[in-house]
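What follows is a single structure, written as structure tokens, with notes after it.
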2 protein chains.
Amino acid sequence: MTTLAAVPTPAPRSAKAEATRAAIVGAAMRLFREGGYDATTMRAVADAAGVSLGSAYYYFASKEHLVQGFYDQLSGAHHDLVADVLATETGFAERLTGVLEGWIDLAEPYHDFAATFFRNAADPRSPLSPFSPESAAARATSVDIHRQVLAGSDLRLAPALREEMPELLWLLQMGVVLFWVYDASEGQARTRALVHGVVPLVDRLCRLTRLPVVRGVANDVVALVRSLRA
Amino acid sequence: MTTLAAVPTPAPRSAKAEATRAAIVGAAMRLFREGGYDATTMRAVADAAGVSLGSAYYYFASKEHLVQGFYDQLSGAHHDLVADVLATETGFAERLTGVLEGWIDLAEPYHDFAATFFRNAADPRSPLSPFSPESAAARATSVDIHRQVLAGSDLRLAPALREEMPELLWLLQMGVVLFWVYDASEGQARTRALVHGVVPLVDRLCRLTRLPVVRGVANDVVALVRSLRA
DNA sequence: CCTCCGGTTTGAACGTGTTCAAAAATGCGG
DNA sequence: CCGCATTTTTGAACACGTTCAAACCGGAGG
């Protein structure tokens, strides 16, 4: 619900302009949901929003930029949804499962057409890429969720690993999303199975870092991650 | 060099037709390398190959299908390239490093334009997806390379893990490729750093499966992978 | 009331990937 | 050599995303 994203592409000028923006993105989302991304033409979006084709391009630089709003909206809704489980549950595995399953629940209605534009997200130069500057807000929101997952849990980690963990968990979620995109099973049952299988594994692996020999590996993972970020 | 792929989209009819196919894909590859995927138009490809636009579409169903040949060619060249290191080296880490680095070396000249069409590979419905039936041949070639990596190495694994390992290593390579696509550093230095960092980790983690407690985790990983394949 | 001037709107036009019906070439049985 | 069916070739035509110069506002200043 709440949009946590910072300023959209153009800074909001007048109230009327903002309303027009909303009308366009609203029409686009409805058409995307009904007919998919590719089948929805910019002309149809403009018509449905009651503006001309040129106006649509005045407010949104490209068809892809229309999806940015959906992105931010989903990430904000996820943030709100998981607040509940993060407030009550203390087990690390339960918290992580709640967060990952919550995302699947939220995204389920969009699965069919999400796949049709997730292709664009894979382009490093696309604004829809999870690593792009335009996605920074949604990314920060997501990493923060995983910071909370860790902070409120009973899991105890070495400081170095603990510091990198939220981002690693975000990476895990990206992996789940990737799996989800390819998952054609009913209700994305396979993705849910993946979550239920992989979370306990992560949990156990984390707790194994108490063993010196495993901790050594973990430290090297942290060192590698840090060296690659530079 | 050697194309290991099975039949291309249309089964080869005459020698002349095959020559025309080769001319088109050759012209396409040259233009892609020079100007990138998006900037290269189908009309330019047809012109460069000395055929009409319609003929280009008679031989290749779409612009994406032109890339399939490149895919198979790269995968075959990789297979040939690593034969050397796989014949001489016996250390698991060295063998795996050789395979992953070999791919980076081979793909380096194509990095700039590869990113522009790898977006299509992320579309589950695209023939270029690494999981698509059309990519089955290249995928099998790649998994087989990793089977050899393991078979000729000094690494000893539990039978169950050993059976799933080639596919897991292939998955690791897909991850490296994904990182590579996003890697804009000079000569893809960061991807090379990733390989040099991650391979020893995998090596150590594999050898840690001798410890009963780690082996338990490994067994669960195998069970999860198997359950998801079904 | 007129005159500007910035923000907004418009639809024609461009270049693209792709389709298609028709023409041309090819091969083959008689 | 002649139909004739099949394969191959062709370029016009289509729908799309995107661009752009021109038109249209609506209010501030004279």
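Excluded from the calculations below are hydrogen atoms, water molecules and symmetry mates; all remaining heavy atoms, backbone and side chain alike, are included. Keep in mind the model is a prediction, meaning the values are calculated, not measured. A, B, ... follow the sequence lines: proteins, then strands. Residue 1 opens every chain.
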Contacts of type ring pair (Phe, Tyr, Trp, His ring centres under 6.0 Å), residue A:Y57, not counting sequence neighbours: none

Report the distance from atom CG of A:D47 to atom C1' of C:dT9, rounded to the nearest whole Å. 14 Å

Would you give me the side-chain donor-acceptor pairs under 3.5 Å for residues 221-230 of chain A, sequence neighbours excluded?
unit_1 : atom_1 : unit_2 : atom_2 : d
A:R226 : NE     : A:E164 : OE2    : 2.7
A:R226 : NH2    : A:E163 : OE1    : 3.3
A:R226 : NH2    : A:E164 : OE2    : 3.4
A:S227 : OG     : A:L224 : O      : 2.9
A:R229 : NH1    : A:E167 : OE1    : 3.1
A:R229 : NH1    : A:E167 : OE2    : 3.4
A:R229 : NH2    : A:E164 : OE1    : 2.4
A:R229 : NH2    : A:E164 : OE2    : 3.4

B:H196 meets the ring pair (Phe, Tyr, Trp, His ring centres under 6.0 Å) criterion, sequence neighbours left out, with none

What is the distance, rounded to the nearest whole Å, between atom CG of B:L66 and atom C1' of C:dG17? 12 Å

What pairs with A:E34 under side-chain contact (heavy atoms from CB on, under 4.5 Å), at least two apart in sequence or on another chain? A:R30, A:L31

What integer distance in Å separates A:M42:CE from C:dA13:P? 21 Å

Pairs under 3.5 angstrom, nitrogen or oxygen only, protein versus nucleotides 9-11 of chain D, please.
unit_1 : atom_1 : unit_2 : atom_2 : d
D:dT9  : OP2    : B:Y59  : OH     : 2.9
D:dT10 : OP2    : B:S52  : N      : 3.0
D:dT10 : OP2    : B:S52  : OG     : 3.2

For atom CG of A:D38 and atom P of C:dG17, their distance in whole Å: 15 Å

Separation of C:dT16 atom C1' from A:K63 atom NZ, nearest Å, is 14 Å

A:E64: which residues meet the salt bridge (charged side-chain N to carboxylate O under 4.0 Å, His left out) condition with it, sequence neighbours left out? B:R119

Could you check how far OH of A:Y57 sits from C1' of C:dA13, rounded to whole Å? 14 Å

Quick one about B:H65 and B:S62 (side-chain donor to acceptor, distance below 3.5 Å, no hydrogens or angles considered), yes or no? yes

What is the distance from CZ of A:R21 to P of C:dT9, rounded to the nearest Å? 12 Å

Side-chain-base donor-acceptor pair under 3.5 Å for B:R43 and C:dG17: yes

